[in-house]
Amino acid sequence: GSLANSSLVIDTAAPTLSNFSVTPQFVKIGASISIVFDASESLFQNPEVRIGNSVATLQNATGNRYTYQYTVQNADIEGVNTVTISLEDTAHNPSTDTSSSITLDFTNPAFTITATPDPAKAGEVTVTVVASEALRDTPVPPALTITPPGGTGSPITLTGLGNNTY
């Protein structure tokens with residue numbers, strides 16, 4: 001008879017993620033979220049990706065690179081939501097990654113505007129605008145137009161002072 005040499009590889013390592021991105025980080029209802037990542041090895045099936053309790057849709061899988069998409073719905077929960085990726089390699093080693101989150105923001109910011117002196121008759125007036133939350137595109141200040149009674153609106157330049165204050 002003859003003897004054949006053979007080896008057996010036992011895979012006990014769970015798959016991991018790299019090049020992981022979730023964009024954008026702040027979204028409102030109707031906005032699209034993109035989740036992209038690389039798996040460390042071949043997978044048994046496509047991973048499940050969740051934003052909070054909602055399931056994202058696979059858009060593309062090339063090799064071990066996956067791209068998912070999710071459009072924010074009215075039923076989603078406002079606030080910080082964990083991005084959960086559940087995957088399983090071909091040896092059936094499971095892995096779950098919850099290292100990323102995204103903020104779903106459905107509430108418009110509120111503004112408090114004060115003028116000093118108040119009332120003002122003539123001369124320089126200082127206008128302070130405080131936003132209830134961080135604004136997108138900050139440090140670009142929000143636009144403000146002042147219109148006196150019966151007058152024409154005049155845009156003014158706001159300067160960012162930090163802490164959502166201009």
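Throughout, residue positions are numbered sequentially from 1 according to the sequence presented.
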I need the minimum non-hydrogen distance between [X] and [Y], along with the two atoms involved.
X: Thr67; Y: Ser34; result: CG2-OG, 4.4 Å
X: Lys28; Y: Val72; result: O-CB, 3.5 Å
X: Pro117; Y: Glu124; result: CD-O, 3.7 Å

[X] side chain to [Y] backbone, donor-acceptor under 3.5 Å:
X: Asp97; Y: Ser99; value: yes
X: Asn93; Y: Ala13; value: yes
X: Ser95; Y: Pro15; value: yes
X: Asn81; Y: Ile77; value: yes

Item to check | Close side-chain approach of Ile51 and Asp76, heavy atoms under 4.5 Å | outcome: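 SC-SC contact between Ile51 and Asp76 ruled out.
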
Next on the checklist: Does any part of the side chain of Asn64, heavy atoms only, come nearer than 4.5 Å to the side chain of Leu43, both counted from C-beta?
Outcome noted: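 With C-beta onward as the side chain, the pair stays apart.
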
Output all residues satisfying side-chain contact (heavy atoms from CB on, under 4.5 Å) with [X], sequence neighbours left out; order by chain, then residue number.
X: Ala56; value: Ile35, Val49, Tyr68, Tyr70
X: Ser101; value: Val80
X: Glu78; value: Asp105, Phe106, Thr107
X: Thr16; value: Ser40

Next on the checklist: Can you list everything that forms a ring pair (Phe, Tyr, Trp, His ring centres under 6.0 Å) with Phe20? Sequence neighbours excluded, please.
Outcome noted: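 Once residues adjacent in sequence are excluded, Phe20 has no partner under the ring pair (Phe, Tyr, Trp, His ring centres under 6.0 Å) criterion.
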
Checklist entry - Cluster partners of Leu8, using ILVMFWY side-chain heavy atoms under 4.5 angstrom, listed by chain and number? => result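 Ile10, all in the cluster of Leu8.
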
Checklist entry - Which ILVMFWY residues are connected to Val130, directly or by a chain of links, through side-chain heavy atoms under 4.5 Å apart? => result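 Hydrophobic cluster check, Val130: no partners found.
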
Let me have the donor-acceptor pairs involving side chains of residues 143-154, under 3.5 Å, with sequence neighbours excluded, atom names and distances please.
none

Item to check | Same apolar cluster: Ile33 and Val36, side chain cutoff 4.5 Å | outcome: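 No, separate clusters.
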
Checklist entry - Can you get from Val55 to Val83 by hopping between Ile, Leu, Val, Met, Phe, Trp and Tyr side chains that sit under 4.5 Å apart? => result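 Hydrophobic grouping puts Val55 apart from Val83.
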
Next on the checklist: How about CG on Asn60, more than 12 heavy atoms from neighbouring residues, nucleotides or ligands closer than 6.0 Å, or not?
Outcome noted: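 Yes.
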
Checklist entry - Who are the side chain to side chain donor-acceptor pair (under 3.5 Å) partners of Thr23, not counting sequence neighbours? => result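 Partners of Thr23 under the side chain to side chain donor-acceptor pair (under 3.5 Å) test: none.
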
Checklist entry - side chain to side chain donor-acceptor pair (under 3.5 Å) with Ser86: which residues, sequence neighbours excluded? => result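 Per chain and number, Ser86 pairs via side chain to side chain donor-acceptor pair (under 3.5 Å) with no residue.
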
Checklist entry - Can you list every pair that meets ring pair (Phe, Tyr, Trp, His ring centres under 6.0 Å) and has a residue in residues 41-62, with sequence neighbours left out? => result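 Listed once each, the pairs are Phe44-His92.
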
Checklist entry - Will you find, in the side chains of Thr71 and Gln69, an N or O donor that is under 3.5 Å from an N or O acceptor? => result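 There is such a pair between these side chains.
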
Next on the checklist: So, using salt bridge (charged side-chain N to carboxylate O under 4.0 Å, His left out) as the criterion, who are the partners of Asp38 when residues are at least two apart?
Outcome noted: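 By the salt bridge (charged side-chain N to carboxylate O under 4.0 Å, His left out) rule, Asp38 matches Arg65.
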
